Amino acid sequence: MKAVAILRAANAVQQGQRGALMPWSAVCLGVGVAIYFALPVEPGLIGYGGAAVIFCLGVVLFAWRREGLGPLGIALALVALGLGAAGFRAHQVAGPVMDFRYYGPIEGRIVDIDRSASDAIRLTLDRVRLDDVRNVPLRVRVSLHGDQGYIDPVPGAVVMMTGHLSPPGGAAEPGGFDFQRHAWFQSIGGVGYTRIPALLLEPPEPGDQRLFLLRMQLSAAVQAAIPGQQGAFAAAVLTGDRSGLQQGPIEDMRDSNIAHLLAISGLHMGLLTGFVYAALRLCLALVPPLALRYPIRKWAAVGALVSGAFYLALSGGNVATERAFIQIAVMFTAVLLDRRAITLRSVAIAAIIVLLRRPETLMSPGFQMSFAATTALVAAFNALQGAKWMQSWPRWVKGLWALVVSSAVAGAATAPFAAAHFNRLAVYGLLANLLTVPVMGSVVIPFAVVALLLAPFGLSWLAFWVMDKALTWILAVAERVADLPGAVEMVQSPPGAVLALIALGGLGLCLWQGWGRWVLSLPLGLAMLLWAGAERPALLVSESGALVGHLTEQGRALSRSRGDGFVAGIWLENDGDPADQEAAAARPAWEAAGAGQITRFGDRSLWHGTGRAAAQDAADACATHDVVVVNEWPEDPPASLTDAEAETLARLSAPTQRAGAANAQAATGCLLLSPMVLSRTGAIALSSGPSGLRLDTARAHQGQRLWSP
């Protein structure tokens with residue numbers, strides 16, 4: 001009887017949500033993808049077999065079509081499908097990953113050009129050749145430092161250099177961004193740098209990397225027509241090439257919350273295809289025989305789709321642009337089928353296509369922010385559609401109101417994800433968006449199309465002149481807003497469950513029909529409580545052992561003012577701390593002790609030393625301190641673990657355990673965190689409690705996955 005009652009209740013819920021369940025299909029698929037990435041170990045044959053059984057069970061339940069079982073069957077099948085799709089994709093992109101540090105000749109073909117966080121030109125190479133290396137990665141990424149005036153990087157060119165390569169690094173701290181997973185899905189098996197000039201070995205083959213070459217040629221032409229950072233901005237918007245942009249303008253745009261104008265995403269794709277659609281439809285409407293006899297609306301939609309496809313190919317087809325094109329393609333396909341173009345169903349279809357094609361994008365901030373903004377905008381404008389209190393407003397007032405509402409809704413929807421991933425809230429982001437987005441939509445994108453049309457006549461400079469003025473305005477707004485007092489509020493990183501709760505609550509608020517949406521939005525409040533009560537690790541040790549950070553009342557005090565700068569920046573950002581590494585190293589928490597330094601936490605002490613001189617003192621330090629961290633061996637690395645290292649690893653939890661379950665009792669001896677130990681654990685977080693030292697390792701969070709060492 002209870003089963004019958006449950007079925008009847010499920011059927012009642014289904015009837016109440018009639019016509020509104022389809023968008024939840026994308027949610028179920030995403031849950032399956034998320035489960036795959038959350039697993040501590042790779043599923044294996046048993047795991048994938050179980051997913052196949054669940055998929056078949058879901059299909060049977062759907063086919064049975066008893067009360068309330070149809071939607072349940074679809075949900076089960078989609079969750080299993082998401083897990084299987086993610087696993088298939090992870091195996092599809094598999095490639096060799098370096099397991100040692102390499103220095104020597106590097107040769108490869110240029111397949112991507114961008115800039116690193118240090119503002120250096122960075123090349124991604126395939127067809128890689130290394131000296132005396134058997135399992136050569138499919139791709140490597142090399143940053144060019146020093147004097148590099150000997151080549152002008154060209155897509156498809158084969159270059160050679162002498163440089164350093166190492167395996168992709170793990171998370172900077174337990175639970176942090178997993179760069180190894182990110183690199184795995186890009187088939188990048190080694191990353192590094194060179195300070196020696198790179199040389200051209202072979203020019204591009206005819207027809208090789210044709211679209212990439214066209215993209216870079218167009219980028220160079222745009223930057224020649226529009227000087228300065230305005231030209232680099234225009235090139236980024238039109239071609240996706242950001243190599244000309246300096247870090248200053250990029251930081252200003254981030255601090256003013258208009259960095260989304262740089263990415264070729266849904267906004268740009270929508271503006272471009274929308275302008276083409278409107279222009280084509282207007283031109284066709286001016287010809288009465290065509291307008292009266294033929295479906296010019298559909299013709300315009302086809303033209304817009306073609307322009308979007310060209311934009312996608314020209315911009316390099318990266319994940320964000322591909323996602324944007326899929327969303328636009330779904331919308332215009334709805335126009336061709338005489339269906340509503342902008343609905344939650346179209347957003348869900350786009351999400352399903354993206355997740356099936358590249359499941360890993362679910363974990364990226366681009367996917368999360370893009371679909372959060374799109375879903376919230378569609379839901380908000382559906383709710384406002386037909387509002388009687390707006391009907392008497394003048395058209396220009398309605399347009400202004402739509403601009404304010406869209407900016408506010410999109411900003412509110414993306415703010416939690418931006419804060420979680422980038423640790424900053426742009427206080428005046430709404431103001432900056434109101435001042436720049438209309439300029440982007442009404443001037444920059446339309447005149448970019450005009451420039452393309454005028455190029456055969458040699459008149460594109462007229463359109464570029466207008467774009468120059470508009471882009472100057474956008475950059476000026478970004479700089480002025482970023483300089484306002486209190487323009488950026490730094491926030492600390494949330495616990496892992498927070499983003500999942502925010503997504504669940506936001507989806508419930510947008511997708512559920514009736515009063516139940518307010519119940520389903522309760523996870524939003526719980527997420528905020530968890531975020532507000534989150535505590536940062538007392539001590540952090542980098543994977544290299546070259547940096548330790550101690551959280552004090554003044555902020556995190558770093559053991560060194562230089563070295564491991566990338567890791568230091570991530571730690572401080574995750575703390576919500578605006579200080580740089582040098583300022584953080586000047587905080588009082590460390591005192592000199594021989595070749596190293598000491599910091600005290602609770603009733604325990606940690607000794608940290610770098611270099612071989614410090615490594616020679618490690619044994620003596622271990623006799624008097626609870627934790628000893630070194631980044632080198634005193635002599636050639638031993639072939640196996642020393643007794644002290646083996647004891648340390650025995651105290652640490654196994655890498656397959658989930659984070660938070662690792663406790664190490666340090667009643668006797670010390671924890672010796674040497675390069676050998678850290679290579680197995682990754683970055684470590686420590687805190688002191690009554691029961692001993694509590695440790696959390698990056699490898700425990702990562703688990704035993706395809707991309708883990």
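Remember, it's a predicted structure, so these values are computed and weren't measured experimentally.
When all heavy atoms are compared, the tightest approach of L245 to I250 is CB-CD1, 4.0 Å. For the residue pair A448 and L238, the shortest heavy atom distance occurs at CB-CD2, 3.3 Å. Contact between H421 and M363 at its shortest, heavy atoms only, is CE1-O, 4.4 Å. Across all their heavy atoms, W184 and V93 have their closest contact at O-CG2, 3.5 Å.
L377 pairs by the side-chain contact (heavy atoms from CB on, under 4.5 Å) definition with F381, S406, V409, A410, not counting sequence neighbours. The ring-ring contact (aromatic ring centres under 6.0 Å, His included) search around F177 returns H182, not counting sequence neighbours. Taking A350 as the reference, I326, Q327, V330, F371 meet the side-chain contact (heavy atoms from CB on, under 4.5 Å) condition, with sequence neighbours excluded. For the side-chain contact (heavy atoms from CB on, under 4.5 Å) test, residues two or more places apart in sequence or in another chain that qualify with A34 are L362. Remark: D114 engages R122 in a salt bridge (charged side-chain N to carboxylate O under 4.0 Å, His left out) (not counting sequence neighbours). For A86, the side-chain contact (heavy atoms from CB on, under 4.5 Å) criterion is met by V33, Y36, F37, P359, not counting sequence neighbours. Every residue meeting the salt bridge (charged side-chain N to carboxylate O under 4.0 Å, His left out) condition with R536, not counting sequence neighbours, appears here in chain and number order: E173, D575.
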Extract all donor-acceptor atom pairs below 3.5 Å that involve side chains of residues 481-508 and protein atoms in other chains or at least two apart in sequence.
{"from": "Q492", "atom 1": "NE2", "to": "A534", "atom 2": "O", "distance (Å)": "2.9"}
{"from": "S493", "atom 1": "OG", "to": "N423", "atom 2": "ND2", "distance (Å)": "2.9"}
{"from": "S493", "atom 1": "OG", "to": "N574", "atom 2": "OD1", "distance (Å)": "2.9"}

Report all side-chain donor-acceptor pairs from residues 75-85 shorter than 3.5 Å, counting only partners two or more places apart or in another chain.
none

Sequence neighbours excluded and cut-off under 3.5 Å, please list the side-chain donor-acceptor pairs for residues 435-445, or say none.
{"from": "T436", "atom 1": "OG1", "to": "A432", "atom 2": "O", "distance (Å)": "2.7"}
{"from": "S442", "atom 1": "OG", "to": "P438", "atom 2": "O", "distance (Å)": "2.5"}

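The shortest side-chain heavy-atom distance between L305 and T273 does not fall under the 4.5 Å cut-off.
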Item to complete: Might you work through the side-chain contact (heavy atoms from CB on, under 4.5 Å) test for W707 and F185, ending with a clear yes or no?
Response: CA-CA 9 Å; W707 48 86; F185 283 94; 4.0 Å; yes
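A salt bridge (Lys or Arg N to Asp or Glu O under 4.0 Å) check over residues 410-427, counting only residues at least two apart or in different chains, returns the pairs E251-R424, D255-R424. Residue pairs meeting the ring pair (Phe, Tyr, Trp, His ring centres under 6.0 Å) criterion with at least one partner in residues 235-256, sequence neighbours excluded, do not occur; the list is empty.
Interatomic distance, S307 OG to F332 CZ, rounded to the nearest 0.5 Å: 7.5 Å.
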